[in-house]
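FYI, the numbering just counts along the sequence from 1. Counting starts at 1 for both ligands and their atoms, following the listed order. Predicted model, so just to flag it, every value in this text is computed and none were measured. Basis for what follows: all heavy atoms, side chains included, without hydrogens, waters or symmetry-related copies.
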Amino acid sequence: MNLWFTETENSNLAVKYHIKKVLAHKKTQYQELLVVETERFGRTLILDGAIQTTVGDEYVYHEMIAHVPLFTHPQPKKVLIIGGGDGGTVRETVKHQSVKEVHLVEIDPEVVAAAKEYLPEISCGLSDPRVTIHHTDGIKFIAHCKDEYDVIIIDSSDPIGPALGLFRAEFYANAARALKDDGVFVAQTESPWLNFEIMLPEIYHGIKAAFPITRMYLCNIPTYPCGMWSFTLGSKQYDPLKVDPATISDLGYRYYTPQVHHASFALPQFVQDLLHQADRP
Ligand code: SPD
């Protein structure tokens with residue numbers, strides 16, 4: 001079968017994947033949902049034309065978005081995850097024995113259903129008894145929370161359409177209010193190679209305005225456009241750079257290690273330059 005999926009980033013850039021099989025394709029109330037099997041990365045969840053996760057490389061993103069903040073907090077008990085309906089971030093979060101409660105806020109129930117049906121190795125953590133799933137808007141959900149969570153993780157899709165509000169300064173301020181006074185926040189913050197002039201400085205500035213400690217870190221995800229991907233961590237007290245590697249226990253990783261935890265905060269000069277833009281008036 002000569003079928004290809006093309007992810008188009010902009011008028012100058014697109015990436016193509018050879019497809020073995022289309023497993024599901026529908027319009028949900030919120031977006032176009034596609035699950036395909038690709039030759040190189042296996043089963044793949046695509047929302048509104050953008051790859052969200054593949055069984056071939058999902059562990060990089062999910063380990064890095066979960067364990068960096070969860071090991072930055074010395075005793076995370078209550079965790080909020082916004083987005084992430086595929087369950088990969090939940091799977092990594094429930095590996096932490098200190099975690100007693102996880103609230104997953106995923107607006108689209110069909111994403112959770114598709115992940116359960118086609119991506120069981122990613123969604124398996126969703127059945128953990130500590131997990132409660134809320135199918136509602138994360139922006140509205142967080143606006144009603146105060147002093148509640150130890151860690152908040154924003155596992156969103158790209159900043160277009162309904163997800164755009166998850167990248168705004170007002171949302172970051174609400175997230176800071178929803179955290180306890182030693183809480184830790186992290187968000188996926190896109191690629192430094194794309195939308196960099198406006199997006200990255202604006203997002204970084206928004207998080208910096210809400211948290212006394214703000215740190216960006218990077219990893220490499222082959223199926224996300226341009227590969228280099230950023231996360232931004234905001235913290236009220238704990239500095240991720242001060243985490244003692246000896247306190248990072250082995251929970252069964254394929255990407256994350258105590259050394260990677262620290263190394264991921266070493267930013268190339270061009271990324272540092274982008275972030276300095278955020279400090280300019
Ligand atoms: N360009 C795609 C970015 C998607 C980030 N979130 C993915 C969700 C995986 N749990």
Determine, stepwise, if the pair Val36 / Leu23 fulfils side-chain contact (heavy atoms from CB on, under 4.5 Å).
-> CA-CA 5 Å; Val36 297; Leu23 299 164; over 6 Å; no

Tell me, with the steps shown, if Arg215 and Asp239 meet salt bridge (charged side-chain N to carboxylate O under 4.0 Å, His left out).
-> CA-CA 8 Å; Arg215 308 259 185 233; Asp239 188 340; 2.6 Å; yes

Apply the test side-chain hydrogen bond (donor to acceptor under 3.5 Å, both in side chains) to residues Tyr61 and Asp155: give CA-CA distance (whole Å), side-chain angles for both, the deciding distance (0.1 Å), then the verdict.
-> CA-CA 10 Å; Tyr61 177 92; Asp155 181 5; 2.5 Å; yes

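Residue Glu39 places its CD atom among more than 12 non-hydrogen atoms of other residues, nucleotides or ligands, all under 6.0 Å distant. By the neighbour-count criterion of 12 heavy atoms within 6.0 Å, atom CD of Glu170 is sparsely surrounded, having that number or fewer from other residues, nucleotides or ligands.
Counting heavy atoms under 4.0 Å from ligand 1, residue Glu58 does not touch it at all.
Given atom 4 (C) of ligand 1, the protein heavy atom at minimum distance is Gln52 OE1, 3.5 Å. At the top of the distance list for atom 9 (C) of ligand 1, counting protein heavy atoms only, stands Asp86 OD2, 3.1 Å. In terms of protein heavy-atom proximity, atom 8 (C) of ligand 1 is nearest to Asp155 OD1, 3.1 Å. Atom 7 (C) of ligand 1 has its closest protein heavy atom at Tyr224 OH, 3.1 Å. Protein heavy atom at the shortest distance from atom 3 (C) of ligand 1 is Asp158 OD1, 3.3 Å.
Less than 4.0 angstrom separates some heavy atom of Ile51 from each of these atoms of ligand 1: 2 (C). Contact atoms of ligand 1 toward His62: 9 (C), 10 (N) (distance under 4.0 Å to a heavy atom of the residue).
Between Tyr253 and Phe71, the two ring planes are perpendicular [angle over 60°; tilted spans 30° to 60°].
In the candidate list Ala50, Ser156, Ser157, Ser156 is nearest to atom 5 (C) of ligand 1, counting heavy atoms.
Considering backbone and side-chain atoms together, Tyr61 places an N or O closer than 3.5 Å to an N or O of ligand 1.
Aromatic rings of Tyr217 and His261 (six-membered ring for Trp) have centroids beyond the 6.0 Å cut-off, not under it.
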